[in-house]
Structure formats: C-alpha cells, structure tokens
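Reviewing the structure listed below.
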Amino acid sequence: MSELTQWLLSHGISMAVLEIIVFIPILATLVNLSRYFIGFKSFGIYAPVILALAYRYTGLRYGLIITLLVVIAAFIGYSVLKRIRMHYLARVAINYVIVALVVVFGIATFDSLNPLGFDNFESVNPLALISIVALSDFFIKMYVKKSITATARVLLETVLIAVIGWSLISAQSMIEYLVNNLWMLGVFLILNLIIGRYTGLRIKEYFRFSFIIKNENK
Amino acid sequence: MKISDLFRLNKEVLGINSRNQFFVREYNPIAGKLIADNKIITKRVLAKVGIKSAELYKVIRTKKQLEFLDWSSLPKSFVLKPNQGTHGNGIIVFYGKKKGEYEWIRPNGTTMTQTDLILHIESILEGRFSMGNRNDIAIIEERIKIDNVLKPFTYKGVPDVRVIVFNKIPVLAMLRLPTKRSNGTANLHSGAICVGIDIASGITREGMYLKKSPLIEDTYTATETTLDLENNLPIIGIQIPFWNEILEIAVKSQLASGLGYIGVDIAIDRDNGPMVLEINARPGLGIQVANRIGLRSRLERVKGIEVKSMKHGIRLAKNLFGGEVEEEIENISGKTVVNLIEKVTLFHKKIETKPLKKKAKTIIKKDFVKAMLDTGIITSRIDWGIASRIGYFKALEFFKGLKIPSSFPTLKDAQNYIDNLEADKISHPDIIRLAKVNDEEGNHILPVIEVEMRIAGEVKRIEMIVSTQKAMIYPVLIGRKDLKNYLIDTSKTFTK
C-alpha cells in the first residue's frame, strides 16, 4: 500500500470511500468515451454512473431486474396518466408513487414465486435501490418530450454503459491497483482531455453517413 | 467499406464533435446564441433588417398573465409555442375555432378547449419543453398559410426550407415536407421527408426519410415520391418558389444574428412570401443526408473567403456549389444543360497576312458575346457587325457587291433568285451558300458563313446566316440545327 493511501486511510477516509473515489473517474471517463467516440446518448453523465455504482452494491442480476421493474412501472404509469389532464409536476409525482408501489410489490412477487432464483432481495442495499428508482425521473422527463422509441433507445444505451461500467469497477485487482496508486487518476484526466478534444466522426456517425461514400461510388 | 473510405468520410462529413468544436464554438458568440435560442428576440432582430417572420399575437410570461389572458381576442387560427423550445416540441397549431365556444381545432381534427390550452401553456411556463427544463415563456403567433406550389406535396403542416449559411455563403439547403407520420410537423426525427436542394437553381433533388426503427437510430431510406398522401407526387425537380429571396433572407439572418455558422428555417406564406420560422445556432446534421453531400468539405472550402456583400456570398455559393441538378440530368440524358442565354466565344477567322516581323505569330483572337438559344429558328444567325469584326469583312463586302435586291415579295421569289444566280458568281471561300430568310422586315437573301465558336465548353464550327436585322438583341442566335445535344434551362435566363 502506498504511503499516500495509508495516510488517507488514517485521516478519516474509509476504504469504501476511497474505492468510490476511484470508481467515479473510471465511470465518468467511460460515459465520456461512449458519448464522443461511439455516439451513445445516455441520460446525462450522472445516471449511468449512479446506475453502475448501484449495480455494484446490488449485484448485476438484482440490479437489472430492479431496473426492469422501474422502467416498466414508469412507462405504464406515464402512459395511463397521459390521458388525464393535470399539472406536469403532479404527473411526475404520481409516477413516483406508482414506481414505488410496483417496485415494492414486484420484489415481493419475485421473492415469493421465485421463478429465476431471486430469493435474496433482503440483502439489496436500500440506497442502491433508491438510486435505480431515480432512473425513472430521467426516463419520464425524456418520454414527456420525445417518443417512446427514442427514450427506450437512450435508456438501453444508459443501461449498457452502466453494465460495462459495473464490469470495470468489479475488476478487483484493477481497483486495488488504483487505490494503491492514486496518481493514476491523473491518467484519466489526460484521457478525458484527449476525448474532449476529439473532433472526428463518432462510430455511429460512420454508419449514419456511410451512404454518402456509397452514393459516390455508384 | 474500406479503411480509406472511413478517412474520406471523416474529411467530408461534419459530425457533431467537429460541428461543435470547429464551427459552433469558434464562430457563434454567446450573444448570437441568445438571439437564436429565443424566438421573441429573433423576431425583433430580424424585423430590424426587414425580414418577415410570423406576427406575434400574445406573449405569456407568468401564470398571472395567463389568468388575465383575453381569450376573445385570439384569432381563429394561430400557433402556440414555447419561446425556448427545441426540436419543435410543445408547438401546437390551430386551424380554426368552433363558433361561439372557446374551442380550437387542430390539423388532425381534434379540438382543444380553453382549459386544455391553459394546461399546455402552464407546462410551457414550467419549462417542460425548454432547453434544460428552465422556466419559459409561451408565445401565440400567426399561423403561416401554406403556399400553393408546395401544398400538394405536404401532409397538413407547413413545409420549410433549411439553409445552412457560413461566412455569408449559403452552403447547403434542404426542403422538409411534413408527412402523416410526422403528424404535420417538418421535423426529420418524427418522420418528415427531407429533400436536397441545388443551391444554384433551387430545384429539389432526391428525398430521404427516417426509417422507423426502435433500436438503430438515424437510418434513412431514399424516396422519390411523397408519402401517405392520396396522390403521391414525385419530389425530384420541384422548383422552390422565391429561391433567390430565400437565399438572401438566409444570409441576411446570419448577418443580423451575429452568428457565423447558422441554420435558417424559412417557410413560404401564401400571402407574405418567404418568412423566417426560426434560426438555429447549432443546426442539425441531417441536411447532409438529404443532399447526400458532406458539409465539412464545403465549410472548409468557404472558410476564410473574404465575402464583400450578401449578393457576393450568394453568387459564390451558386458558383461553388450549384449545378448538381444539371450534372444529374446530364448523366441521365447524355445532354448538356445550357442556359437560355449562354456566353460564347467566337474565334476570329485566321487571316493569313504577310508577317511584318521575321517570325510570324499565329495569334488567335477571340470575342466574347452573349448568344441566345433560339428554338424558333433552324439555322443559327450572327450579327453583320460582329461577323465583319471577326474576319468576314471581305466576304460580306463581296456579298454586297453581288447587288442582290434587299427584299423579295415572297420566299419563293427569293429561292428562284438564288437558283438563277450563276454558281461561279458567288464563289467566295468564306461564303458557303446563300440562304433565304423571312423576318419582320420582309424576305431577304443573306450569306451563310462558318464560324468557329466555343459554346458550353465545347468548340465547334457552326453554319451561320449573317443577319442584317437591326432588332437583334443578342448578336448570336443558335438555331435548332445546332441545339441537338443540349437541354435548355429556362430558369437561368439572364446571366450577368
């Protein structure tokens, strides 16, 4: 263990905090990379980072099933409410209520029926669960403005980034190395700087515009 | 796709990364963005330079104002918009009003009552449609009435023309046609058709629309006709009305807004002509799809050119980027597209003179004149004065010496006269034959000469009647005989 890490650990920083400090740059860099290099649209940078962190504490299987519950609840809730005339924030609030109910009863149903071997919901970290529920806010806000397909696509890409992020921060040896060599975080700084100045086409754009070349070759 | 193709694509196509870093960030100052992002300020700024936009009926800034809104003062048809909305979200168009009730009719036939409207306006005020969910202002403005030329191509809404202007030069343009799927909006992401436009002529090229696909975004399909209409019409070759005015408005808007790189949306109103719908400081990249042309290479070409005026910018655009439609027609028909009035080069007759100096130089002299392509005549004609100037003076003097009567009662008499002339009498090397001509001044006999000229980039020898007619506006008329391989574009009558 490096001296710096030891010094931090003996001055009010716990190991858990130190790990999160290391996770955040990794995840943020990942979101950055997927946006500007690949062209994935996520719900901002916060949502995928929080989701990946939540998955770390719930476990991927439990995390994904809760995500699914939240999304279904948010979607159904909003679609039904759309027909009723009311104020915007009231709509979002009611939606939260619906999501809360569906998640609670959904978990209970899964636990009692136990179709896929989910029987350990008690050990799911409540804070992690709330973090996943918060996803519904991003989902609804976009769904209000844009179509369901556009929203579903962004959601899918957000979850995909979160899963990749989860697998990165689950690589224990890498995390340990980073915790012991905190200077490595500077590398992320440089990496993000490079991505930030990248001006080429995003991978998705190559597909989007590929026919311009095809058209010329005709 | 080969790796070299990827590199080329990167050079030609403008992606979001390069748009933001090289163009939006570099050329669009914050003050300009504030104007573009705010519809009310946009209207004011444009009005100052005489550009029309939809008339503003009402501005609702607070809930208090909404409470005291005079509903009876609203016209039958209007548009309700969020002031800082994006992507056309939150815009509702009303076509009519139910008599005696506060209930307005939307394009799809459904109605909205006063309470519905209040709720929608409240949503706007709360920032549901604005960038970053900031509190917003609701505006009620004039509904633009669709122009008759574009009406048959449109499903309900108003089509618009998007022009990208950079450095005072219109770079790329497209027409957006609302469809049933786009629910009458001209928004590409909701399914409107985008059609590329040739900058020089304002004629549409091919069309594209967004495929409905839940997983892969931005995949476009080509279409040659409109969609979902009762009579689907071909969308290639539509002449956009007021094309020059549209280009001028686009450039003027760029100058007025202070933005360097801008997308201007212009709709054509039945009564008022072209009107600006909105200006965009971060115009989308779909226009490249519509035209199948990369924006980046065009922007790089235009960068740094010193453009003196609006007219200069438009002229540059037409010269640099125009002509795609012509090229397409030429590819299909194998014929060259020419203007009604073409500039031609007349080569002087080579006169063999005794060299004054020891070394004789063959200097090819040429004259540039305007020629009209006249399908009303068979043989081409040339003005007497010009023919004399380009080396046929002696031949024409010789013709004068024949003392042929200046006019004949009928063409038949003229033909008889030609037949009776002794063949050896008209043997001048430059005069090929004599021709009978009928014009406003009667029937004449005139000499025919062969002139070498360059027309539409091609050098040929053309038989021409030397005309004595005084009313010739253009010194050269090209007749049907020599027009076989050309298509004439009448939209370009006068070229300066």
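The sequence lines fix the lettering, A, B, ..., with proteins before strands; numbering per chain opens at 1.
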Hey, which of B:D116, B:L14, B:N20 has the most heavy atom pairs under 4.5 Å with chain A? B:D116

Closer than 3.5 angstrom, by distance alone: can the side chain of B:Q21 be matched with the main-chain N or O of A:G196 as a donor-acceptor pair? yes

Side chain, backbone, both or neither: which part of B:R296 has a heavy atom under 4.5 Å from chain A? side chain

Side chain, backbone, both or neither: which part of B:I16 has an atom under 4.5 Å from a heavy atom of chain A? both

Return yes if some donor-acceptor pair links the side-chain N/O of B:N17 with the main-chain N/O of A:Y36 below 3.5 Å, else return no. yes

More than 12 non-hydrogen atoms from neighbouring residues, nucleotides or ligands closer than 6.0 Å to CD on B:E224, yes or no? no

Which region of B:S130, side chain (C-beta onward) or backbone (N, CA, C, O), has a non-hydrogen atom less than 4.5 Å from a non-hydrogen atom of chain A, or is it both or neither? backbone

Let me confirm one number: the CZ-OG distance from A:R202 to B:S18, rounded to the nearest 0.5 Å. 9.0 Å

Test item: B:N10 side-chain N/O and A:G200 main-chain N/O as donor-acceptor pair under 3.5 Å: no

Atom group of B:Q288 that falls short of 4.5 Å from chain A, counting heavy atoms: both

Over all heavy atoms of both residues, which pair between B:L9 and A:S210 is shortest? Give the atoms and the distance, please. CD2-CA, 4.0 Å

To the nearest 0.5 Å, what is the distance between CZ on B:F7 and CG on A:L201? 11.5 Å

Among B:V13, B:L6, B:D5, which residue satisfies the side chain to side chain contact (heavy atoms under 4.5 Å, CB included) criterion with A:Y206? B:L6

Stepwise side chain to side chain contact (heavy atoms under 4.5 Å, CB included) check, B:Y220 with A:R208: CA-CA 8 Å; B:Y220 290 85; A:R208 182 180 178 191; 3.7 Å; yes

